[in-house]
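Beneath this line is the structure, given in structure tokens, with notes to follow.
Keep in mind that the numbers below use all heavy atoms, side chains included, and drop hydrogens, waters and symmetry copies.
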Amino acid sequence: MSMNTGLTRTPLRRFLDYAVLSVLAFVFALPAIYLLIGSLKPSDEVLNGLAGFLPTNLSLDNYTAVLDSLNSESTGYFWRFMGISLLLAFVVVTGGLFVNSMAAYGLSRLKWRGQNAVFTLILLLMLIPFESVAVPLFYMFNDQRNTLPILALPFIANAFSVYQFHTFFRTIPPSIEEAARIDGAGPWRTFFAIIVPMSKPAFASVAILTFLIQWGSFLWPVLMVSDPAVRPLPLEMSVFQAQLPPDWGQILAFGVLLVLPVLVVFVFFQRWFVQGVASSAVKG
């Protein structure tokens with residue numbers, strides 16, 4: 001009797017689960033919806049309470065105004081700011097994938113003295129927020145201010161990325177590496193020819209999370225950049241927003257342009273990202 005009752009309640013529970021998740025998804029999407037609609041409305045209609053959600057008087061004027069206002073040597077060029085941010089993100093993501101994956105492979109698959117101590121130290125580094133070391137780093141690299149390398153190099157090695165790779169590599173059966181070793185493959189060949197192709201979900205997860213962190217980086221550029229020629233896009237948005245009087249339609253349009261690359265990267269890596277999250281959850 002209880003089994004029949006459980007079976008009849010399952011569809012209802014599934015409906016309630018989807019209903020709750022749909023409501024939560026809609027609530028979390030409201031700021032993005034407001035951002036998109038507001039970026040298409042005149043400035044005097046943006047900050048208008050709940051009426052700001054109404055799609056009235058929509059146009060692309062705010063976007064053209066942003067691009068036109070940042071199109072000279074005196075103001076800087078929008079696409080230059082965008083290019084600098086993309087370049088920094090590319091260097092940090094690609095360099096981080098290479099460095100952190102190799103470190104994780106050495107910690108998870110190779111056997112050497114002090115291995116556990118080093119991995120414990122990396123876990124402890126995850127507890128240190130960047131804000132606590134930003135000022136010492138500023139004084140260490142003060143002579144390299146207003147240079148692109150210094151905006152990227154401190155973020156290539158990342159303890160959390162090493163931990164993500166380490167967790168995924170531990171799920172790979174050791175028999176695969178043993179077979180490669182019998183065939184004469186060394187650690188380098190095993191890593192690049194076998195481990196890397198099998199770890200696409202982990203690489204996608206780390207790439208997306210690293211890109212998100214680097215793309216929204218603000219504190220380090222504030223400390224290290226005073227030259228508009230090397231100003232990344234988030235820092236330029238703060239300068240743009242500080243102009244008086246504020247044009248909220250253009251500010252929201254700037255925000256949409258800032259978010260677009262993140263959406264493109266997430267859509268591109270989405271399939272492998274979901275696989276990586278699922279694998280980490282199973283391992284955990």
Side-chain angles (χ1 to χ4, degrees), residues 35 39 63-64 66-103 130-131 133-134 137-138 140-162 164-165 192 196 200 202-242 250-251 253-270 272-273 276:
L35 173 68
S39 68
Y63 293 91
T64 56
V66 170
L67 298 178
D68 290 341
S69 63
L70 297 175
N71 192 31
S72 66
E73 289 295 334
S74 60
T75 61
Y77 297 90
F78 177 87
W79 298 113
R80 178 189 292 174
F81 302 133
M82 174 75 79
I84 290 174
S85 290
L86 289 174
L87 176 61
L88 293 175
F90 175 79
V91 171
V92 172
V93 171
T94 55
L97 291 177
F98 181 77
V99 171
N100 298 316
S101 63
M102 291 186 61
F130 176 74
E131 289 76 8
V133 298
L137 285 175
F138 169 78
M140 287 176 58
F141 301 111
N142 189 43
D143 293 338
Q144 285 78 42
R145 295 180 73 245
N146 295 314
T147 60
L148 292 179
I150 203 58
L151 293 177
L153 290 178
F155 304 99
I156 291 178
N158 184 276
F160 184 64
S161 296
V162 174
Q164 286 181 288
F165 279 120
F192 287 106
V196 171
K200 289 181 180 179
F203 277 84
S205 300
V206 173
I208 289 177
L209 295 178
T210 303
F211 183 87
L212 286 174
I213 295 173
Q214 176 59 34
W215 188 257
S217 177
F218 183 76
L219 176 60
W220 187 241
V222 166
L223 294 175
M224 301 302 293
V225 174
S226 58
D227 184 1
V230 293
R231 186 181 293 164
L233 199 59
L235 184 57
E236 174 57 28
M237 183 175 182
S238 69
V239 176
F240 185 85
Q241 185 176 352
Q250 295 184 24
I251 292 173
F254 202 126
V256 172
L257 294 173
L258 181 64
V259 171
L260 281 179
V262 178
L263 295 178
V264 172
V265 170
F266 181 78
V267 170
F268 183 78
F269 288 103
Q270 180 182 15
W272 296 290
F273 177 73

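- With rounding to the nearest 0.5 Å, the separation of CD1 in Ile84 from CZ in Arg231 is 9.5 Å.
- Residues Met82 and Pro261 are in side-chain contact: their nearest non-hydrogen atoms beyond the backbone lie under 4.5 Å apart.
- Here CD of Glu73 is found 5.5 Å from CZ of Arg80. Values are rounded to the nearest 0.5 Å.
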Assess the residue pair Leu209 and Gln164 against the criterion (side-chain contact (heavy atoms from CB on, under 4.5 Å)); give the C-alpha distance rounded to whole Å, side-chain angles, the decisive distance to 0.1 Å, and a yes or no. CA-CA 11 Å; Leu209 295 178; Gln164 286 181 288; 3.1 Å; yes
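- Using a 4.5 Å cut-off on side-chain heavy atoms (C-beta onward), Phe130 and Leu137 make contact.
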Please determine whether side-chain contact (heavy atoms from CB on, under 4.5 Å) holds for the pair Leu67 and Thr64, giving the CA-CA distance in whole Å, both sets of side-chain angles, and the decisive distance to 0.1 Å. CA-CA 5 Å; Leu67 298 178; Thr64 56; 5.9 Å; no
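- Expressed to the nearest 0.5 Å, how far CE of Met237 lies from CG of Leu235 amounts to 12.0 Å.
- One N or O on the side chain of Asn100 and one on the backbone of Ile156 form a donor-acceptor pair closer than 3.5 Å.
- Under the ring-ring contact (aromatic ring centres under 6.0 Å, His included) criterion, Tyr63 pairs with no residue at all, not counting sequence neighbours.
- If you take CG on Leu70 and CH2 on Trp79, they are separated by 11.0 Å, rounding to the nearest 0.5 Å.
- With a 6.0 Å radius and a threshold of 12 heavy atoms from other residues, nucleotides or ligands, Phe90 has its CZ atom at or below the threshold.
- Between Phe203 and Phe165, the distance separating the two ring centers is shorter than 6.0 angstrom.
- Under the 4.5 Å side-chain criterion, counting only non-hydrogen atoms from C-beta, Val196 is not in contact with Ser101.
- Of the candidates Ile213, Val92, Val93, Val91, Val92 is the only one forming a side chain to side chain contact (heavy atoms under 4.5 Å, CB included) with Phe155.
- In this structure, the side chains of Ser69 and Phe240 come closer than 4.5 Å at one or more pairs of heavy atoms.
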What verdict does the side-chain contact (heavy atoms from CB on, under 4.5 Å) test give for Gln144 and Phe141, after you've listed the backbone C-alpha separation in whole Å, the side-chain angles of each residue and the deciding distance to 0.1 Å? CA-CA 5 Å; Gln144 285 78 42; Phe141 301 111; 3.9 Å; yes
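- With rounding to the nearest 0.5 angstrom, the CG atom of Leu257 is 8.0 Å from the OG atom of Ser39.
- Ring centroid separation for the pair Phe254 and Phe78 comes in under the 6.0 Å cut-off.
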For a quick test of your reading: what N or O donor-acceptor pairs under 3.5 Å do the side chains of residues 217-225 make, sequence neighbours left out?
residue: Trp220; atom: NE1; partner: Ile150; partner atom: O; Å: 2.9

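- With 3.5 Å as the limit, one finds no donor-acceptor pair spanning the side chains of Asn158 and Thr210.
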Passes side-chain contact (heavy atoms from CB on, under 4.5 Å), Trp215 versus Leu233? Steps please. CA-CA 8 Å; Trp215 188 257; Leu233 199 59; 4.1 Å; yes
